[in-house]
Structures are given as C-alpha cells and as structure tokens.
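Written below as structure tokens is the structure these notes are about.
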Amino acid sequence: MATAIGVRGGAWLGSPAVLIEPPSKWASRTPHPPRRSCTMTNPQQPKPLSPIFDALDEALSDDDTDPDTDDLQSEAIRAIWYGFDAPQAVQALIDEQIEQGLEFDVDKVRATVDREFAKKRAAEAQWPAITDFDKLDRAFVRLHEQGICALHCPGDTQEQGIEAVADVLTDDDTPEDKYHGYCFYDSQDLDRALDNEGLLLAHGHVDRSEAEDAQHIAVAQAICEALRQEGLEVDWNGSTNRRINLPSFRWQRRSPG
C-alpha cells in the first residue's frame with residue numbers, strides 16, 4: 001500500500017460510500033477568490049450569474065458589520081451553496097462558534113443562513129432533474145469501484161487533497177492495494193465552478209514519485225472515460241502535469257435535509 005502521498009483526514013468518497021469527515025468550516029478565505037482561466041465551450045456566450053458571489057456581495061455590503069460576523073456570513077454562504085450541509089448542520093456550526101466564545105452578530109448570521117437556504121431551495125426547483133454534480137458523483141462511484149480514490153472537496157488546497165487521499169489509503173477499513181489511483185477537486189476549484197469557470201480535477205497514481213508516466217496516464221484516461229460516460233464534457237491534453245478540466249461544468253448540488 002502506498003503511503004508516500006502523506007496523511008490527512010477528511011473527504012467525501014463518491015456516494016454511496018461513507019462520509020469520513022466534512023471539509024473544513026469557517027476557515028478564513030478571501031470573499032472573492034482569484035479566478036483562473038479555463039476553456040469554455042462557447043467564449044462568446046455570457047456566463048450564467050453566480051448566486052454565491054451575489055450573496056456574498058449582499059451579506060458583506062454593510063460597513064458597520066464586525067469582521068467576525070462578516071467571516072461567519074461568508075463561510076455560511078459558501079457552505080450553503082456548496083450543498084454538502086443540511087440547514088441543521090450549518091446552524092450547528094454557528095452554535096459551536098457561540099460555545100467557543102466568539103463574539104459576533106448571531107441574529108444576523110442566522111438570518112443570512114435562513115435567507116440563503118430559501119434562495120437555494122428556490123433555485124434547486126429550477127435545476128435539471130440530473131445535474132452536473134449528479135453526473136460527477138456517479139462517475140466518482142464508478143471510479144471508486146475501479147480502484148481510483150475519487151474524493152469530493154477533501155480540503156482547501158491540492159496539498160490537503162493529496163493528504164486526504166493518503167488518509168483513505170491508510171485507513172484500517174481500506175483493503176490493501178484497493179486503490180491504484182486518485183482523483184479530487186479542492187474548495188478553490190469548487191469556488192471557481194460556482195462562478196461558472198468549469199471544474200478542475202487533480203489526478204494521478206497513488207505511487208506518485210515511483211510510478212511511471214504511463215501509469216499516471218492510465219489513471220487519468222480511466223477518469224476521463226468515466227466522466228464522458230456520464231455525459232460530462234472533458235478537456236485533457238494527455239499531460240501528467242495538467243489537471244483534467246470540465247469546462248462547461250455547472251456546480252449544482254442539492255442540499256440534504
């Protein structure tokens with residue numbers, strides 16, 4: 001079993017696999033992350049409006065709000081539009097901050113959570129029955145069955161994603177040699193997907209430094225095939241140094257609960 005990738009906890013394995021631990025919450029991030037260029041299906045066609053950035057603009061427009069309240073509103077909005085957390089889970093995160101003694105405008109943050117969940121539920125009613133996320137999730141399930149550790153948003157950086165993969169590989173419940181490859185996206189990639197800039201996927205063989213290029217390429221090709229079988233547009237040039245791009249991917253994950 002390869003352990004050279006490092007160790008870190010926390011990742012979603014494609015459903016119906018078990019939730020090990022959610023991504024980090026209330027981490028300090030810039031409200032508007034820098035954008036990275038991705039190939040779009042039609043550069044002349046205007047991008048759909050991104051709900052998360054409009055929500056952030058609305059929530060953070062009050063100059064009188066203290067920084068801690070702004071930070072919690074920002075992270076709550078992200079958690080809601082990411083779609084992994086039920087309303088009760090987001091409210092529980094607010095309760096945790098209160099218990100830890102953080103001073104912030106509780107009523108304002110809770111009102112933001114209620115408003116954004118209502119907006120998201122309304123948006124979800126207009127989404128297609130099967131979204132791009134559903135297709136991605138089904139591809140991840142297939143990859144998991146093929147021995148590729150496919151994780152949903154295991155951290156905020158590629159380094160944290162690699163460590164999360166290693167944590168799965170070294171888990172006592174993971175059979176030895178179950179996985180030969182990995183695939184994931186981090187929260188920065190998710191932010192860009194929410195801004196309709198496509199979704200980038202990290203990939204590779206679990207024996208990162210020892211594997212031959214052909215082994216890394218074989219993993220990437222299997223990932224691309226699983227994605228295409230679900231009807232997702234895939235852009236990858238065959239280089240082990242380039243992540244797989246889903247240029248027309250729209251982030252639409254229905255919230256549980």
Side-chain angles (χ1 to χ4, degrees), residues 10-24 38 48 50-52 78-87 89-90 120-121 123-156 158 160-162 164-165 167-169 171 173-174 178-204 219-236 243-257:
W12 272 284
L13 202 58
S15 303
V18 177
L19 170 64
I20 300 171
E21 181 185 5
S24 58
C38 296
S50 172
I52 190 171
R78 277 192 164 81
I80 291 164
W81 287 97
Y82 284 1
F84 290 108
D85 295 299
V90 177
K120 186 166 187 286
R121 294 301 191 197
E124 288 174 357
Q126 305 301 316
W127 292 353
I130 299 176
T131 67
D132 284 349
F133 176 85
D134 296 325
K135 298 173 184 178
L136 178 69
D137 194 48
R138 293 193 306 211
F140 274 21
V141 171
R142 181 180 292 110
L143 292 170
H144 166 62
E145 295 169 347
Q146 294 175 0
I148 295 175
C149 184
L151 305 181
H152 287 294
C153 197
D156 297 330
Q158 290 189 59
Q160 290 177 354
I162 291 294
V165 171
D167 193 62
V168 174
L169 295 178
D171 190 276
D173 293 331
T174 301
K178 175 178 176 59
Y179 296 112
H180 64 275
Y182 67 87
C183 173
F184 66 85
Y185 56 90
D186 60 42
S187 68
Q188 296 181 65
D189 301 318
L190 200 162
D191 283 334
R192 293 183 178 92
L194 271 165
D195 201 25
N196 300 302
E197 294 285 355
L199 183 67
L200 293 171
L201 303 176
H203 57 87
V219 170
Q221 289 173 335
I223 295 168
C224 290
E225 178 61 22
L227 296 166
R228 290 191 179 104
Q229 286 182 6
E230 293 299 335
L232 292 168
E233 180 187 5
V234 178
D235 177 17
W236 184 59
R243 289 192 286 170
I244 295 168
N245 183 25
L246 307 180
S248 58
F249 189 94
R250 294 198 65 186
W251 183 269
Q252 294 175 323
R253 188 188 195 279
R254 290 182 167 86
S255 298

Query raised in the report: When rounded to the nearest 0.5 angstrom, what is the spacing between CG in Asp235 and CZ in Phe249?
Result: 15.0 Å
Requested in this report: Decide side-chain contact (heavy atoms from CB on, under 4.5 Å) for Thr131 and Arg250; before the verdict, give the C-alpha distance in whole Å, the side-chain angles of both, and the deciding distance to 0.1 Å.
Outcome: CA-CA 8 Å; Thr131 67; Arg250 294 198 65 186; over 6 Å; no
Query - Rounded distance [0.5 Å steps], CG in Asn245 versus CG in Leu201 - result: 8.5 Å
Report task. State, to 0.1 Å, how close Lys178 and His144 come at their nearest heavy-atom pair, and which atoms those are. Result -> CE-CE1, 3.4 Å
Report summary line: Closest heavy-atom pair, Arg78 versus Asp191, reported as atoms and distance to 0.1 Å, is NE-OD1, 3.3 Å
**Report entry** Test item: Arg192 and Asp195 side chains (from C-beta on) under 4.5 Å apart, heavy atoms
**Finding:** no
Query raised in the report: Do Glu225 and Arg142 come within less than 4.5 Å of each other through their side chains, counting heavy atoms only?
Result: no
Query raised in the report: Less than 4.5 Å apart, any side-chain heavy atom of Leu151 and any of Cys183?
Result: no
Query raised in the report: Between Asp134 and Arg253, is there a salt bridge with N-O shorter than 4.0 Å?
Result: no
**Report entry** Nearest-0.5 Å distance that lies between atom NZ in Lys120 and atom OG in Ser255
**Finding:** 3.0 Å
Requested in this report: Please name the pair of heavy atoms, one in Ser248 and one in Glu233, separated by the smallest distance, quoted to 0.1 Å.
Outcome: OG-OE1, 2.7 Å
Requested in this report: Take Leu232 and Arg228 through the side-chain contact (heavy atoms from CB on, under 4.5 Å) test and state the conclusion after the steps.
Outcome: CA-CA 5 Å; Leu232 292 168; Arg228 290 191 179 104; over 6 Å; no
Query - Beyond-backbone contact of Trp236 with Gln221, side-chain heavy atoms, under 4.5 angstrom - result: yes
Query raised in the report: Is it true that Glu124 and Arg121 have a side-chain N and a carboxylate O under 4.0 angstrom from each other?
Result: yes
Query raised in the report: Heavy-atom distance under 4.5 Å between the side chains of Asp186 and Asp156, does that happen here?
Result: no
Query raised in the report: Just how far is it from atom CG of Asp167 to atom CG of Asp171, taken to the nearest 0.5 Å?
Result: 6.5 Å
**Report entry** Heavy-atom side-chain contact between Val219 and Ile223 under 4.5 Å
**Finding:** yes
Query raised in the report: Any side-chain heavy atom of Arg243 within less than 4.5 Å of one from Asp189?
Result: yes
**Report entry** Distance, nearest 0.5 Å, that separates CG of Leu227 from CG of Leu199
**Finding:** 9.5 Å
Query - Minimum heavy-atom distance between Gly83 and Pro256, given as atom pair plus value - result: O-CD, 3.3 Å
Query raised in the report: Any idea which heavy atoms bring Gln252 and Pro128 closest together, and the distance?
Result: OE1-CD, 3.7 Å
Query raised in the report: Do His180 side-chain atoms and Gly147 backbone N/O form a donor-acceptor pair below 3.5 Å?
Result: yes
**Report entry** Phe184 vs Ile162 side-chain heavy atoms within contact, under 4.5 Å
**Finding:** yes
Requested in this report: Mind checking side-chain contact (heavy atoms from CB on, under 4.5 Å) for Ala89 and listing every partner two or more places apart, or none if nothing turns up?
Outcome: Asp85
Query raised in the report: So which of Tyr82, Trp251, Tyr185 actually passes ring-ring contact (aromatic ring centres under 6.0 Å, His included) with Phe133?
Result: Trp251
Query raised in the report: Closest approach of Ala164 and Pro154, non-hydrogen atoms and distance?
Result: CB-CB, 3.5 Å
Query raised in the report: To the nearest 0.5 Å, how far apart are CG in Leu246 and CD in Glu230?
Result: 12.0 Å
